[in-house]
Amino acid sequence: VDGIISPGTEWDTWFIHGSDINESTIANNYDIKDMYAWWDSTTVWIRSDVWGTPTLLRQDPINFNPAFYQWVIDTDGDDTGELSLAYNRFDTGDVLLYDISGVSPVLLGTGVGAYGSIVEVSFAKSLVPLALAPVSDYDVQMYMILDNAGGDPDDRLPNDGWVQTIPEPS
């Protein structure tokens, strides 16, 4: 996780991919272009691209709230999120994984994140309780929000609903 896209490396394969149009009401540095997710037996990686250059700066510097990225993950395909992953939620650059399946969020642990030409975050799959682990990779779906802490609308990908796992060709 270094925040840099390198052709022919880690992002040539993914399980989840969603794209969003360039929205004229959102500044390009806060306007989501693509989201990718990939995992193996030990780690989950998520990549997000914006139409401009990624930033964690507030769009409105007077705003007390930080700019942050959030990914909501549905691990069982029932259209409700069980996990929430947040990058910079408390203006510290931390990557925090929460169980959001109950009444109140429960912190499960931390991951790593970086931004440069892209935003990348990852967390260990061992942080996910067995009860929330997907039965199948094809049960997983997600959406993301980029909160710009400013005047433009926050962005969401997709604008409504979920991005589903891409099935393998048959």
Side-chain angles (χ1 to χ4, degrees), residues 1-40 42-74 81 83-98 100 105 107-125 127-128 140-166:
V1 173
D2 57 10
I4 299 169
I5 184 64
S6 303
T9 59
E10 70 266 31
W11 289 108
D12 287 345
T13 305
W14 58 82
F15 291 124
I16 293 179
H17 174 244
S19 294
D20 198 19
I21 62 168
N22 190 339
E23 295 158 301
S24 62
T25 58
I26 302 173
N28 284 344
N29 293 357
Y30 304 95
D31 191 359
I32 304 165
K33 180 179 180 183
D34 290 292
M35 172 185 68
Y36 303 85
W38 184 79
W39 53 87
D40 64 15
T42 62
T43 309
V44 175
W45 294 271
I46 298 173
R47 167 185 160 189
S48 296
D49 302 358
V50 294
W51 286 95
T53 302
T55 184
L56 296 179
L57 297 176
R58 295 166 176 81
Q59 187 179 30
D60 178 354
I62 297 172
N63 191 330
F64 174 74
N65 296 313
F68 67 92
Y69 289 75
Q70 178 180 11
W71 298 267
V72 176
I73 305 168
D74 175 12
L83 301 171
S84 174
L85 185 68
Y87 180 38
N88 201 53
R89 180 64 186 98
F90 298 105
D91 213 13
T92 57
D94 289 337
V95 175
L96 305 171
L97 180 66
Y98 291 92
I100 57 170
L107 179 63
L108 298 173
T110 61
V112 294
Y115 71 99
S117 58
I118 60 172
V119 170
E120 290 180 296
V121 294
S122 71
F123 63 90
K125 285 176 82 173
L127 294 174
V128 179
V140 179
Q141 53 187 0
M142 59 194 303
Y143 67 83
M144 74 169 289
I145 296 169
L146 199 169
D147 186 316
N148 59 38
D152 289 349
D154 297 330
D155 201 7
R156 185 184 193 283
L157 188 158
N159 290 330
D160 186 37
W162 300 85
V163 178
Q164 279 90 25
T165 306
I166 298 170

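All heavy atoms count here, side chains included; hydrogens, waters and symmetry mates do not.
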Would you please say whether a donor-acceptor pair under 3.5 Å links the side chains of Ser19 and Asp34?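 Yes, Asp34 and Ser19 have a side-chain donor paired with an acceptor closer than 3.5 Å.
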
N-O pairing of Asp154 and Arg156 below 4.0 Å: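 No, this pair does not count.
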
Taking [Y]'s backbone N and O only, do any of them form a donor-acceptor pair with [X]'s side chain (distance below 3.5 Å, no angle check)?
{"X": "Asn63", "Y": "Asn65", "answer": "yes"}
{"X": "Lys125", "Y": "Val44", "answer": "no"}
{"X": "Glu120", "Y": "Ala114", "answer": "no"}

Show, in sequence, the C-alpha distance, side-chain angles and deciding distance for Asp31 and Lys33, and conclude whether the salt bridge (charged side-chain N to carboxylate O under 4.0 Å, His left out) test is met. CA-CA 6 Å; Asp31 191 359; Lys33 180 179 180 183; over 6 Å; no

I need the Ile26 CD1 to Asp20 CG distance, nearest 0.5 Å.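 Rounded to the nearest 0.5 Å, the CD1-CG separation comes to 7.5 Å.
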
Kindly compute the distance separating CD1 (Ile32) from CG (Leu146), expressed to the nearest 0.5 Å.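 The distance works out to 5.0 Å.
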
Which pair of heavy atoms, one from [X] and one from [Y], lies closest together, and at what distance?
{"X": "Ala27", "Y": "Gln59", "answer": "CB-NE2, 3.6 Å"}
{"X": "Ser117", "Y": "Ile4", "answer": "OG-CA, 3.7 Å"}
{"X": "Val163", "Y": "Leu157", "answer": "CG2-CD2, 3.6 Å"}
{"X": "Gly116", "Y": "Pro54", "answer": "O-CD, 3.2 Å"}
{"X": "Thr53", "Y": "Asn29", "answer": "N-OD1, 3.0 Å"}
{"X": "Val1", "Y": "Ser122", "answer": "CG2-OG, 3.4 Å"}

Side chain to side chain contact (heavy atoms under 4.5 Å, CB included), that's the test. Do Phe90 and Leu96 meet it? Break it down for me. CA-CA 10 Å; Phe90 298 105; Leu96 305 171; 3.7 Å; yes

Residue list, salt bridge (charged side-chain N to carboxylate O under 4.0 Å, His left out) with Arg89, at least two apart or on another chain: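 Scan of Arg89 (salt bridge (charged side-chain N to carboxylate O under 4.0 Å, His left out), adjacent residues dropped) gives none.
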
Sequence neighbours left out, what passes salt bridge (charged side-chain N to carboxylate O under 4.0 Å, His left out) with Asp91? Give chain and number order.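 Partners of Asp91 under the salt bridge (charged side-chain N to carboxylate O under 4.0 Å, His left out) test: Arg58.
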
Beyond-backbone contact of [X] with [Y], side-chain heavy atoms, under 4.5 angstrom:
{"X": "Tyr69", "Y": "Met144", "answer": "yes"}
{"X": "Tyr87", "Y": "Ser48", "answer": "no"}
{"X": "Pro158", "Y": "Tyr143", "answer": "yes"}
{"X": "Thr55", "Y": "Tyr30", "answer": "yes"}
{"X": "Ile46", "Y": "Met142", "answer": "yes"}

Which of these, Asp74, Val140, Ile16, Ile73, sits in a side chain to side chain contact (heavy atoms under 4.5 Å, CB included) with Trp162?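 Filter result, single survivor: Asp74.
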
Can you say whether the rings of Trp14 and His17 are parallel (under 30°), tilted (30 to 60°) or perpendicular (over 60°)?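 Trp14 and His17: tilted rings.
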
Taking only residues two or more places apart in sequence or in another chain, which ones pass ring pair (Phe, Tyr, Trp, His ring centres under 6.0 Å) with Trp51?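 By the ring pair (Phe, Tyr, Trp, His ring centres under 6.0 Å) rule, Trp51 matches no residue at all.
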
With a 6.0 Å cut-off (strictly less than), is the heavy-atom count around CD1 of Ile62, excluding the residue itself, greater than 12?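 Not more than 12 within 6.0 Å, no.
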
Would Val95 and Thr110 count as a side chain to side chain contact (heavy atoms under 4.5 Å, CB included) if you check the C-alpha gap in whole Å, the side-chain angles of each, and the deciding distance to 0.1 Å? CA-CA 5 Å; Val95 175; Thr110 61; 5.9 Å; no

For the pair Trp71 and Leu83, evaluate side chain to side chain contact (heavy atoms under 4.5 Å, CB included) and give the outcome as yes or no after the intermediate values. CA-CA 8 Å; Trp71 298 267; Leu83 301 171; over 6 Å; no

